[in-house]
Amino acid sequence: MNQRQLQQALSDLPLGDLRYFPSIGSTNDEALAWAAQGAPHLSLVLADEQTAGRGRLSRRWLTPPGVALALSLILRPSPEESVLPSLYTGLGALALVEALKGYGLGAEIKWPNDVLLQGRKVAGILVETVWMGERIESVIVGIGVNVLAGSAPPLEALDFPAISIEQALGRPIERLDMLHDLLKHLLEWRPRLGSAAFLKAWEGHLAYRGETVQVAAGSEPPLTGELLGLESDGSLRLRAADGGPLTMRFGDVSLRPQQV
Ligand code: BT5
């Protein structure tokens, strides 16, 4: 992979500028710095390898060289588009699920920010927002995808099992094709962020719907309930054992199917 191949592969998409790195600490860090220096709307940072890839809080995201996708897209929402940042996590997840569908793979979204294949994590999304007063100045949508065999770390390194697209599909795919399809779907949904159609599509791909799950946020006691769907702001809608409604907002939330 190199800058020229990347430019060629994405030439039909209405992106801003592109920055490619054979190796980098974190594409989100680069995107945040570039956004502060005035990166145009829809500029993309892509790296072949990350040496300090970040998950939420201080968790690590592993991107070994030559086998994965690690990208950060810089969005500069207009004041009307300054909707809830949490919806951008759904945007990235939904776009990836639809791109995987193009390969015949049925992926699911483990709310809020994981994409699963065969119940294992194939991708993670990290959205970071830069505010200017009340307004969103830029949103960085960071996406890490395990594409080829060797990209999914062994279970010992993780808190949830991982998988690569190649493992799920039984054959390798071109990383640049996957990148193209992912960005295409993301750009298609972006103008409809927060619309009823967007929420319905996102909700339609949620993992564990109708099942009892446990959702934990920070040091709060975890909520247990049947996973029903999404609220209009992208929060998770649950039904408690007594039938009452429960809502889990974004934040550092982790969701697990309840052990039986
Ligand atoms: C995430 O965080 O899942 C968000 C990951 C976002 C990564 C992208 S790559 C491009 C951009 N640049 C960055 O620096 N980051 C973004 P979280 O839900 O906190 O999950 C982190 C957890 O996922 C870790 O604690 C590990 O258990 C697990 N993990 C790490 N690497 C993984 C991998 N390659 N595949 C599956 N699971 C992984």
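- Among residue pairs with one or both ends in residues 32-51, those qualifying as side-chain hydrogen bond (donor to acceptor under 3.5 Å, both in side chains) are Ser23-Glu49, Thr27-Gln50, Asp48-Arg175, Gln50-Thr63; sequence neighbours excluded.
- A donor-acceptor pair under 3.5 Å links the side-chain atoms of Asn113 to the main chain of Ile125, judged by distance alone.
- If you take CZ on Phe198 and OG on Ser232, they are separated by 12.0 Å, rounding to the nearest 0.5 Å.
- Listed by first and then second residue, the side-chain hydrogen bond (donor to acceptor under 3.5 Å, both in side chains) pairs involving residues 136-153 are Arg76-Glu137 (not counting sequence neighbours).
- Of all the heavy atoms in Leu46 and Leu6, the pair that sits closest is CD2-CD1, 3.9 Å.
- Residues forming a salt bridge (charged side-chain N to carboxylate O under 4.0 Å, His left out) with Asp29 (at least two apart in sequence, or on another chain): Arg54.
- His180 places a side-chain heavy atom less than 4.5 Å from the side chain of Lys184.
- Contact check for Leu71 versus Leu179: side-chain heavy atoms found under the 4.5 Å cut-off.
- With hydrogens and angles ignored, the 3.5 Å screen pairs a side-chain donor or acceptor of Tyr20 with a backbone N or O of Met1.
- Within the 4.5 Å cutoff, the side chain of Ile109 has no heavy atoms near those of the Asp114 side chain.
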request  = Could you walk me through whether Ile163 and Lys121 pass side-chain contact (heavy atoms from CB on, under 4.5 Å), step by step?
outcome  = CA-CA 6 Å; Ile163 193 169; Lys121 182 161 169 173; over 6 Å; no
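- The side-chain heavy atoms of Val139 and Val127, taken from C-beta on, include a pair separated by under 4.5 Å.
- A continuous path of ILVMFWY side-chain contacts below 4.5 Å connects Leu206 to Val215, so both sit in one hydrophobic cluster.
- Considering Leu100, Leu117, Leu105 in turn, Leu105 is the only one that fulfils the side chain to side chain contact (heavy atoms under 4.5 Å, CB included) rule with Leu169.
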inquiry  = Checking Glu166 against Ile173 for the side-chain contact (heavy atoms from CB on, under 4.5 Å) test, could you report, in this order, the C-alpha distance in whole Å, the side-chain angles of both residues, the deciding distance, and whether it holds?
reply    = CA-CA 7 Å; Glu166 178 172 356; Ile173 63 166; over 6 Å; no
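- Going from atom CD1 of Ile140 over to atom CG of Leu73 covers 8.5 Å, rounded to the nearest 0.5 Å.
- Contact check for Ile165 versus Tyr103: no side-chain heavy atoms found under the 4.5 Å cut-off.
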ask   = side-chain contact (heavy atoms from CB on, under 4.5 Å) between Thr247 and Leu238: does it pass, once the steps are laid out?
value = CA-CA 6 Å; Thr247 302; Leu238 305 164; over 6 Å; no
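- Residues Leu230 and Val97 share a hydrophobic cluster, clusters being chains of Ile/Leu/Val/Met/Phe/Trp/Tyr side chains in contact below 4.5 Å.
- Applying the side-chain contact (heavy atoms from CB on, under 4.5 Å) rule to Glu226 yields the partners Leu228, Arg239; only residues at least two apart in sequence or on another chain are considered.
- In the displayed structure, Gln3 atom CD is contacted under 6.0 Å by more than 12 heavy atoms of other residues, nucleotides or ligands.
- Residues Ser72 and Val141 form no side-chain contact, since every pair of their non-hydrogen atoms from C-beta on lies 4.5 Å or further apart.
- Qualifying side-chain contact (heavy atoms from CB on, under 4.5 Å) partners for Ala201, counting only residues two or more places apart in sequence or in other chains: Leu94, Trp189.
- In terms of heavy atoms, Val122 sits closest to Ser164 at CG2-C, 4.1 Å.
- Of the possible donor and acceptor atoms, none in the side chain of Gln118 sits under 3.5 Å from a partner among the backbone N and O of Ala107.
- A search for ring pair (Phe, Tyr, Trp, His ring centres under 6.0 Å) contacts involving Trp61 returns nothing, not counting sequence neighbours.
- For the atom pair Ser195 OG and Trp202 CH2, the distance stands at 11.5 Å (nearest 0.5 Å).
- In this structure, Leu148 is a member of the same hydrophobic cluster as Leu182, with clusters built from ILVMFWY side-chain heavy atoms closer than 4.5 Å.
- Annotation for Glu128 and Asn28: closest pair OE1-ND2, 2.9 Å, computed over non-hydrogen atoms.
- Taken to the nearest 0.5 Å, the CG atom of Leu44 stands 6.0 Å off from the CG atom of Leu183.
- In terms of hydrophobic clustering, with Ile, Leu, Val, Met, Phe, Trp and Tyr side chains grouped at heavy-atom distances under 4.5 Å, Met178 and Val115 are assigned to a common cluster.
- Closest of all the heavy-atom pairs between Gln214 and Thr224 is CG-OG1, 3.3 Å.
- Side-chain contact between Arg237 and Glu203: present, with at least one pair of heavy atoms (C-beta onward) separated by less than 4.5 Å.
- Minimum heavy-atom separation, Glu30 to Val45: CG-CG1, 3.7 Å.
- Counting only distance, with no hydrogens or angles, the side chain of Lys110 and the backbone of Leu255 share a donor-acceptor pair below 3.5 Å.
- Under a 4.0 Å N-O distance rule, the pair Glu231/Arg249 does not qualify as a salt bridge.
- Atom-to-atom distance recorded for His185:NE2 and Asp181:CG is 5.5 Å, nearest 0.5 angstrom.
- No side-chain heavy atom of Ile143 sits less than 4.5 Å from a side-chain heavy atom of Leu69.
- The 12-atom threshold is exceeded at CZ of Arg135, counting heavy atoms of other residues, nucleotides or ligands nearer than 6.0 Å.
- Note: the hydrophobic cluster containing Ile136 also contains Leu186 (ILVMFWY, side chain heavy atoms under 4.5 Å, direct or indirect links).
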inquiry  = Trp111 vs Leu227, test: side-chain contact (heavy atoms from CB on, under 4.5 Å). Steps then yes/no.
reply    = CA-CA 10 Å; Trp111 187 92; Leu227 196 159; 5.7 Å; no
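- To the nearest 0.5 Å, the span separating CG on Leu13 from CG on Leu187 amounts to 6.0 Å.
- A salt bridge is defined here as a Lys NZ or Arg NE, NH1 or NH2 lying under 4.0 Å from an Asp or Glu carboxylate O, and Glu108 with Arg209 fails to meet this definition.
- Residue Ala31 comes nearest to Ile74 through the heavy atom pair O-CD1, 3.6 Å, listed as atom of the first residue, atom of the second, then distance.
- In this structure, the side chain of Gln5 engages the main chain of Asn2 through a donor-acceptor pair within 3.5 Å.
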